[in-house]
Each structure stands twice: as structure tokens, then as C-alpha cells.
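For reference, the structure discussed in these notes is given below.
Since the model is a prediction, treat every value here as computed from it, not as a measurement. Whatever order the structure lists them in is the order used to number ligands and atoms, beginning at 1.
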Amino acid sequence: MLTLNMCAGSILPSQNESLERALMEFKARAFDPVTLKADSLVVVVPTKGTPGPVAKALDSACGGAISAILKSGELARNGNCLTLYAPVGLNAGRLVLVGATEAAPTDSQFHKLALRIAGQLTTPGLKSAALCLDDIATPDRDQTWHATQVARAVGESLYIFDRFKSKKDDKKPAPSKLTLHSDSKAGKAINSALSKGLALARGINLARELGDLPPNICTPTYLAERAQELAKSDTRLTAKVLSEKQMQTLGMGSLLSVTAGTETPAQFIILEYKGGTKDSAPVVLVGKGVTFDSGGISLKPGASMDEMKYDMCGAASVLGAITSAIELQLPLNIVGLIPAVENMPSGHATRPGDIVTSLSGQTIEILNTDAEGRLILCDALTYAERYKPRAVVNIATLTGACVVALGHHASGLFSNNDELAEQLLSCGQDSNDRAWRLPLWDEYDQQLKSPFADMANIGGKGAGSITAACFLARFTKNYPWAHLDIAGTAWNSGAQKGATGRPVSLLVEYLCRAVA
Ligand code: BES
Ligand code: MN
Ligand code: ZN
């Protein structure tokens, strides 16, 4: 029975047509900025120190205009932009200068520049635009890293979510041709770096779209349909969906306790991407897919409850990461597991005090039905064992306490394996998607003791993110495992409300490195 009361068909088309256009045409090329013919030439100019070769060449071609601008101080803040239309002495239709306070910007300064550059490259009305980054250089980041970050920023800037507005926002048109200046020797490496950035953006934007969709549309069934749609796009990807009945037969009593109160059927989504050799152990990604978390009988307060539509952002990040992996054709086996449920109160709902048996056989006393993420994840984590995985990473908007601990800048990272933890931290650092590790000490685990079952589903006062992670750790003893708590990073609240697509870029970086 599929009665999704939505305005369009049951599967809404993907929104990223504009990204498709950009993807075709973001290429590296050797060109002379002075004679280049393009609608726009965007140049990053350090505002301190001696001008770099590109700034010098342009300055003398335009009769000193750039030195004069630098002197004026108008570019003095990192990312400030200034446009010269029909610049005398150049062939470009306009010259856009993007000021960089440092010739060797830090990662965070560069990400800010990348956002500004993306805005300039996607300005309405441009057919072709070219970018010169040559005058900046960082000791620990090479040109390919810069190229990836810029392409990704361009792709991300094309995201729009207006399908429920009667009056559409102006579609942000992407120029049909984007060029990044490079010397011809580096061209090949830069081109694949640009492709990586665009592939990342595609995965990130998919995760954002799924997150932003309202919970009456983005149901467990809808997520399953989108997973199946994704599997159609590549022969190496297959999607399988287990029904509640099948989950019952398997013994997923913990997962099923969460769906007891809702009319919407739960789905257990299994994606298998076979990019690697037949018998190489897969990386398993497990994403929390609570399409709406009301708290259940332990009902949440009303304020901002709408934001609990984002409680499936872990699931969205798994679909996003796999989308990017397909596009990059990673030679690696990846499994995506998505327990998808809605958490609602009703006469059938699970009560505080109920005891359930998980797929692992361990029993759980449910003291708070709002601690539901761990209840669905534990069964998925036990299911993951059958793949004999090389590593399992689960991603979940798991605890409000994680937002208290780390705010919105870093995801919480927990792991039973130091090497895996270090790898993930470094991937986060390198992909502008940072995580910070917290401990899984036994003292915290003890907080989960129950007088009536093997464990309780909450750990009482203090360290809520850690006790939640300790709960998951009880189900992950048989493989290297890490848990990313993305409660603070998966979406923005307030005027800029919207899904961020995190931690897709961290995950994709990890998958890329897992290939090597
Ligand atoms: N989905 C929430 C966590 C959450 C809350 C994420 C707010 C982002 C913002 C999760 O299911 C939950 O409700 N956790 C409880 C656990 C508690 C009952 C032990 C929480 O964080 O309050
Ligand atoms: Mn909850
Ligand atoms: Zn939740």
C-alpha cells in the first residue's frame, strides 16, 4: 500500500540539472590570462606582499589598474571581490578580482575564498568563465586540492530547493564552460581533481535534498525508492529492501520497537556497490534513517520539532557518499545499510519500561523512547557482521548532547580502533568536514546498566553522546568500527535553515583512501 499524499509522482526527479551542465565543462587548461577570451576571468589576488605572476601580467596589460586597486584597500578582506567590466587591455568581458589576505591561505581561509569564487563563477548571464588560482600557494596543499575544493564549492552553490514554492526562485544558471588555469603538464591531475570536486558536490547535494524534503514525503518508503532509483544508475550497485515482516523473521526486535507507533512501514535498505574484486572485504556504511523523530511516547517538546525531519541525515549521507563513489568509479566494495523508520506516539507505540530483544540476542530495557536512533542502529550493526567488513562506519544524528559538546563545527567521532579513528579525523581535516574524537571508556559504558535487561537504552545524567556511543559499541565487537554523531553538523537552523550534506565529503575522502 503506497499512499504517499504528495504533489508530484512518488519519485520526485533529482534537482541537480544545473550541476549536470557544470560537470560537463569544468576543465583545466593552459591559457594566457591577458589574451583569454571568456565572459569572465576570475583571479585570486593576494593583497599582501609582492604581486604574483598573474597579477603582474594583468597589471601591466591593464595599465596599472590592479596595483591601483590593491593600493585602495578595497580587496583587503579575505574573499572581497571587485569586478572590472570591459577591462581595457584584456580580451575577457570582465575581470573579477578576489582578494586573498594571505598568499598562503589556511584551509579555512581557502574555503572562504572557494565560496566567493563559486559565487563569481556561477553569476547569472555568464556563458564561459575562467579562473586563475596561480598566485596563491600553500605548503601543505597542492593545486589538485585547491581544484577539488573549488569545483565542489561551485557544485554546492548550484543547489536549490524550491519544489514546494509556487513561485520558483530564479534558477541559478551555471555557465556552460568553466576553465581552471593550469600548466599543461599538470592538466590531467587537475582535471581529475575537478571531477572529484563535482562528484563530491553531487553526493553532498543529494544528501541535502533528502534532508530538506518534508517528512510527509521523505518517508522510509521514499528513501527505499530513492535507493532503488540510484541502483538503476549503475550496474555495479544493487539495492535490496527488507520489509517489516522480513525484519521480524530475522529477529530485529530492537529496530521494530521504534516503528511500533507509526502507520508508515519501516524499511531496511541494503545497497551493495561492487567496485572492487569479488572477495575483497567491503567498507560498510550504516546511516540512521529516522524520517521523523517525535520522540514517541517520550514525546519531544514542540519547539523546533520540525527539525526532526533531519533525523535521517545519516541515511542521506550514506546515499550521498555512494552517489559520489559511483561517479568516481571507486574500485572498492561498499555496502550501505539504512534502517529507515518513523518514531511516533500512539496506542501501539513502545512504552518506557518495555524490554526488547535485539538481533544480536542482547536484551534492551527501553527507558526513553526518544533514544531511538541507537535502537535501530544496533540491529543494523549486527546485520553488518555478515559482510565480514574491513571497517564499519555508522553515521547518525544521535544525540542533542553532541551539539552541546561540539556545537556545529565538528561531528563527534567514536571508535573501537585507533587506526580507523585517525584515518577518519584526517579525512575530515582534509575535506573541510571535521570530526573530533571522544572516549568510549568502560566507566561510561557502566552507565547503561539495567536491573531488568542486558542494558538500558539510556545512560542517565552526563555524557549523553558517549553513553549513546557505548551502547552502539556493545554491538560492534567483531570488526573495526567508528560512529559519527552528526547531530550538530547535518543541518543549519535559523534563517539559513537547510541540510549541509555533512559528512559526505569526509566519507568520500575515506572511501578514496580505502582504495589505495
Ligand atoms: N534525534 C535525536 C537527537 C537530536 C536531538 C539530534 C536534537 C539533533 C538535535 C535523538 O533521537 C534523541 O532524541 N536523543 C535524545 C537521547 C536522550 C533521550 C537520551 C536526546 O539527545 O535528547
Ligand atoms: Mn529521539
Ligand atoms: Zn532521533
Original post:
Asp293: which N/O/S atom is nearest the Zn ion (ligand 3)?
Top reply: OD2

Original post:
Do Thr259 and Glu342 have side-chain atoms, one donor and one acceptor, less than 3.5 Å apart?
Top reply: no

**OP:** Return a yes/no value for Thr399: is any of its N or O atoms, backbone included, closer than 3.5 angstrom to an N or O of ligand 1?
**Re:** no

Original post:
Of all the atoms in Ala396, is at least one N, O or S atom closer to the Zn ion (ligand 3) than 2.8 Å?
Top reply: no

Subject >> N/O donor-acceptor pair under 3.5 Å between Thr323 side chain and Leu319 backbone >> reply: yes

Original post:
Please state which protein non-hydrogen atom is closest to atom 8 (C) of ligand 1 and give its distance, to 0.1 Å?
Top reply: Trp491 CH2, 3.4 Å

Original post:
Nearest protein heavy atom to atom 2 (C) of ligand 1, by residue and atom, and its distance?
Top reply: Asp293 OD2, 3.6 Å

**OP:** For residues Tyr387 and Tyr479, establish whether the separation of their ring centroids is below 6.0 Å.
**Re:** no

Original post:
Between Arg502 and Arg434, is there a donor-acceptor pair closer than 3.5 Å when you use the side chain of the first and the backbone of the second?
Top reply: yes

**OP:** Output yes when a side-chain donor or acceptor of Asp485 lies under 3.5 Å from a complementary backbone atom of Gly412, and no otherwise.
**Re:** no

Original post:
Taking all non-hydrogen atoms of both residues, which atom of Leu398 and which atom of Arg374 are closest, and how far apart?
Top reply: CD1-N, 3.7 Å

**OP:** Answer yes or no: is there a donor N or O on one side and an acceptor on the other, between the side chain of Glu365 and the main chain of Ala456, under 3.5 Å?
**Re:** no

**OP:** Give the residue, atom name and distance (to 0.1 Å) of the protein heavy atom nearest atom 12 (C) of ligand 1.
**Re:** Asp370 O, 3.2 Å

**OP:** Can you pull out the closest protein heavy atom to atom 1 (N) of ligand 1? Residue, atom name and distance to 0.1 Å, please.
**Re:** Asp311 OD1, 2.8 Å

**OP:** Would you kindly say whether Ser254 and Ser358 are connected by a side-chain donor-acceptor distance under 3.5 Å?
**Re:** no

**OP:** Determine if the distance from atom 14 (N) of ligand 1 to the closest protein heavy atom is below 4.0 Å.
**Re:** yes

Original post:
Side chains of Thr369 and Ser298: do they bring a donor and an acceptor to under 3.5 Å?
Top reply: yes

**OP:** Distance to 0.1 Å, residue and atom name: give those for the protein heavy atom nearest to atom 6 (C) of ligand 1.
**Re:** Ala487 CB, 3.6 Å

Original post:
Is the closest N or O pair between Gly373 and ligand 1 shorter than 3.5 Å?
Top reply: no

Subject >> Asp370 atom OD1 and Glu372 atom OE1 as seen from the Mn ion (ligand 2), angle to 10 degrees >> reply: 120°

**OP:** Report the name of the N/O/S atom of Asp311 located nearest to the Zn ion (ligand 3).
**Re:** OD2

Subject >> Any donor-acceptor pair under 3.5 Å from Thr350 side chain to Ser257 backbone >> reply: yes

**OP:** Check for a donor-acceptor pair, side chain of Thr148 on one end and backbone N or O of Lys196 on the other, with a separation under 3.5 Å.
**Re:** no

Original post:
What protein heavy atom sits nearest atom 10 (C) of ligand 1, and how far away is it?
Top reply: Leu398 O, 3.3 Å

Original post:
If you check every N/O/S atom of Glu372, which is the one nearest the Zn ion (ligand 3)?
Top reply: OE2

Original post:
Got the closest protein heavy atom to atom 19 (C) of ligand 1, with its distance?
Top reply: Ile458 CG2, 3.5 Å

**OP:** Measuring from the Mn ion (ligand 2), name the closest N, O or S atom belonging to Asp293.
**Re:** OD2

Subject >> Closest protein heavy atom to atom 4 (C) of ligand 1, given as residue, atom name and distance to 0.1 Å >> reply: Gly400 N, 3.7 Å

Original post:
Can you find a non-hydrogen atom of Glu307 under 4.0 Å from ligand 1?
Top reply: no

**OP:** Would you check the N or O atoms of Asn368, main chain and side chain alike, for any that come under 3.5 Å of an N or O of ligand 1?
**Re:** no

Subject >> Proximal candidate to atom 16 (C) of ligand 1 [heavy atom criterion; set Arg374, Met308, Lys288, Glu372] >> reply: Arg374

Original post:
Can you check whether Trp481 and Phe475 have ring centres sitting under 6.0 Å from each other?
Top reply: no

